[in-house]
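Since the structure comes first, as C-alpha cells, the remarks are kept for the end.
All heavy atoms count here, side chains included; hydrogens, waters and symmetry mates do not. To find a chain, count down the sequence lines: A is the first, B the second, and so on, and within it residues start at 1. What you are looking at is a predicted structure, and each value in this text was computed from that prediction instead of being measured.
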2 protein chains.
Amino acid sequence: MIVAMSRYDPSAFPPFAVTVDLVVLTVREHALCALLVRRGESPFQGYWALPGGFVRPGEGLAEAASRELAEETGLRAHSAPGPGPSAVGAHLEQLATYGHPQRDPRMRVVSVAHLVLAPDLPTPQPGGDASSARWAPVGDLLGPTPVEGVPLAFDHGKILADGVERARSKIEYSSLATAFCPPEFTVGELRQVYEAVWGVVLDPRNFHRKVTGTPGFLLPTGGTTTRQGGRPAQLFKAGGATVLNPPMLRPEA
Amino acid sequence: MIVAMSRYDPSAFPPFAVTVDLVVLTVREHALCALLVRRGESPFQGYWALPGGFVRPGEGLAEAASRELAEETGLRAHSAPGPGPSAVGAHLEQLATYGHPQRDPRMRVVSVAHLVLAPDLPTPQPGGDASSARWAPVGDLLGPTPVEGVPLAFDHGKILADGVERARSKIEYSSLATAFCPPEFTVGELRQVYEAVWGVVLDPRNFHRKVTGTPGFLLPTGGTTTRQGGRPAQLFKAGGATVLNPPMLRPEA
DNA sequence: ATCATAGTCGTCTCTCTGACGATAAGCACA
DNA sequence: TGTGCTTATCGTCAGAGAGACGACTATGAT
C-alpha cells in the first residue's frame, strides 16, 4: 500500500502556516456590524482585515480563536459545547477553513475562520489605537463596492460573507440570536436583532407570540424595563434550548 | 501595534502538517454507510480510519479532497459551487477542521474534513486490496461500541459523527438527498434515502405529495421503472433547486 | 389631559402536515 | 386467467402554525 504509506508519513510533509481569522458580529444601532482591524504592514498594508493570527504550537483551534478574540476585544467566548450564554461571554463557533494556495502572497497559509456573535460592546473602538479597529455595518461591506471603495485584505471579504450567511441562517433554527443580546433583554430587543441580521421588518405581535411560545427559548426573569420607551416590557434571559422547534421563519420575498 | 506585527510575520511561524480526511457516505441496502480504510502502519496500525492524506503544496483544500476521493473510489466530485449533480459525480463539501494539538501522536496535524455524499457504488470494495477498504453501516460505528469493538483511528469517530449529523440535517432543507441517488430515480428510492439517513419510517403518500409538490426539487424524465417491484413508478432527476422551501421535516420523537 | 410609543393579547384565514382510505398497475404463481 | 402481493399515486379530513391585523395596556413626553 504505497498510497497508505505516503498518506501519513510524518517525516516528509509540506510546510503550512495555520492561522485563525475571526468574523466578529454584533448589532449596533439596528445594523449588523463586523469587527475590522487595519493592517499595519505589507501585504495589504492599510487595508481593513478580519482580526486573526497564528495558531501557536500546542494550542487548539478554538483556543487560538478565543485568545485572539480576547486580545482584540476583551470578550470571553464560549464554544458551542460549553456552558450556556452567561456574563460578558460571546458565542464562538468554527466557520470554515480557507486554504487557496495563493490566498497569502508570501507563503502557504491555511486559515481556520471562526464566527463570533457578541452583544453590543461598551467600547466602540476595541484595542488601543482608535484607527486600528472599527465596527463596520456589513451592508457596506458585502456589496460590490466595499468599505470606502476598498475591498478587505486577502480573501476576508469572502470569509465575512460566509460568516454573515451562517449567522443569518443559524438564528432561524437555533436560539443564537440571544448571543447578540445582553444577559437580560426584552422581546422587542430580540426582535430588533432578527430585523438587523435579516434586514427585514417583522410584525411585533406575531414575533412576540412566536418567541414566547417556543419552549425553552426565553425564560422570564420577573423584571421589567422601559429602556425601549413605551409600556414596560418583561425582561427575559436565554432559555436552555439550543435548537428551536419549530424554527423562526425568515420572510421569503 | 506589536500584536499586528506578529500576526502575519511570515518568517517565524510554527510548522503544521495539513491533511484532508473524507467522510464518504452512501446508502446501501437501506442503511447509511461510511467508507473506511484500514491503516497499514503505526500509529493505530490495523485500525479502521477515514480515507485522507496530506494536502500537497500548491493544491487547494477541496482539490486535495477531490483527489483523495478519486484515488480511493474513482468518484469525481463536484463542490457546492460547481454544476449540478450529473453523471457519476458525488457531492463534496467542507465539513470542519480538527486541530487538537495531540490528535496525532507524532506531530501537529490539522485536518480539514470533507463530507462526500455518493450514490451506491458499483464496486462494493473500493481500492485493490479487498481487506483495505470497506463500507460500514454508520449505525455500527456511532454507538458506544464501534465496529468490531474497536474505535476508529485518531479522532475519526468524532469526525464521522459530525459528518453524519451534517448529512442528516442538510437533507432537511436542501435537495442533497438526491446526491445519494443514481441520475434517475423514483420517489420511492428517494424516500428510502431519507429513511436510511434519518433512521425513520416515512409515510409513502405524504412523502410523495411533499417532494412532488416542492418546486424545483424533482424533474420528471418521462420514463418509468419497475425495478422496485409493484406498479411502475415515474422516474425523476434532480431539479435545479438547492434549498427546499418549505423544508423536509424530520419526524421528531 | 393628551399624545406618542411600545408591549401584549386575540381573532381570522390560509397553508402545510400527519393520519389514513382508496385506487392503479405491475409481477409471481397457481 | 385469475388471485394475491407489492409499490405507486390520488384524495380526504382534522389540527397546528403563520401572516395580517384589530384592540387594549402601560409608560414617558408635552
Geometric cation-pi criterion, A:Arg168 with A:Trp198: 6.0 Å, 45°: no

When you get a sec, tell me which of [options] is the closest nucleotide to the side chain of [X]?
{"X": "A:Pro246", "options": "D:dG17, D:dA20, C:dT8", "answer": "D:dG17"}
{"X": "B:Asp203", "options": "D:dT9, C:dC20, C:dC12", "answer": "C:dC20"}
{"X": "B:Ala233", "options": "D:dA20, D:dT12, D:dA8", "answer": "D:dA8"}
{"X": "B:Arg209", "options": "D:dT12, D:dT9, D:dA18", "answer": "D:dT12"}
{"X": "A:Thr186", "options": "D:dA8, C:dG7, C:dG18", "answer": "C:dG7"}

Over 12 foreign heavy atoms within 6.0 Å of NZ, B:Lys170: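 Buried by this count: over 12 neighbours within 6.0 Å.
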
Tell me whether the side-chain N/O atoms of [X] come closer than 4.0 Å to OP1 or OP2 in [N].
{"X": "B:Lys210", "N": "C:dC16", "result": "no"}
{"X": "B:His208", "N": "D:dT9", "result": "yes"}
{"X": "A:Gln228", "N": "C:dG7", "result": "no"}

Inter-residue atom distance A:Leu152.CG - A:Ile159.CD1, 0.5 Å rounding: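 Between atom CG of A:Leu152 and atom CD1 of A:Ile159 there are 9.5 Å.
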
Sugar-phosphate only, base, or nothing, as touched by A:Arg227 at under 4.0 Å among non-hydrogen atoms: nothing

Ion pair check, A:Glu172 and A:Arg250, cut-off under 4.0 Å: yes

Within residues 212-219 of chain B, residues whose heavy atoms come under 4.0 Å of DNA chain C: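 Contacts with DNA chain C under 4.0 Å: none.
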
Check: B:Arg191 side chain, D:dT9 base, donor-acceptor under 3.5 Å: no

Short side-chain to backbone donor-acceptor contact, A:Thr186 and A:Glu189, under 3.5 Å: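 Flag set: sc A:Thr186 to bb A:Glu189 pair under 3.5 Å.
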
B:Asn245-B:Tyr173 side chain donor-acceptor pair, cut-off 3.5 Å: no

Rounded interatomic separation in angstrom, taking CG from A:Leu244 and P from D:dA18: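 Going from CG in A:Leu244 over to P in D:dA18 covers 11 Å.
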
Spacing of A:Leu190 atom CG relative to C:dA6 atom C1', expressed in whole Å: 16 Å

Base-contact (B) and sugar-phosphate-only (S) positions in nucleotides 22-30 of chain C, heavy-atom cut-off under 4.0 Å, - elsewhere: B-BBS----

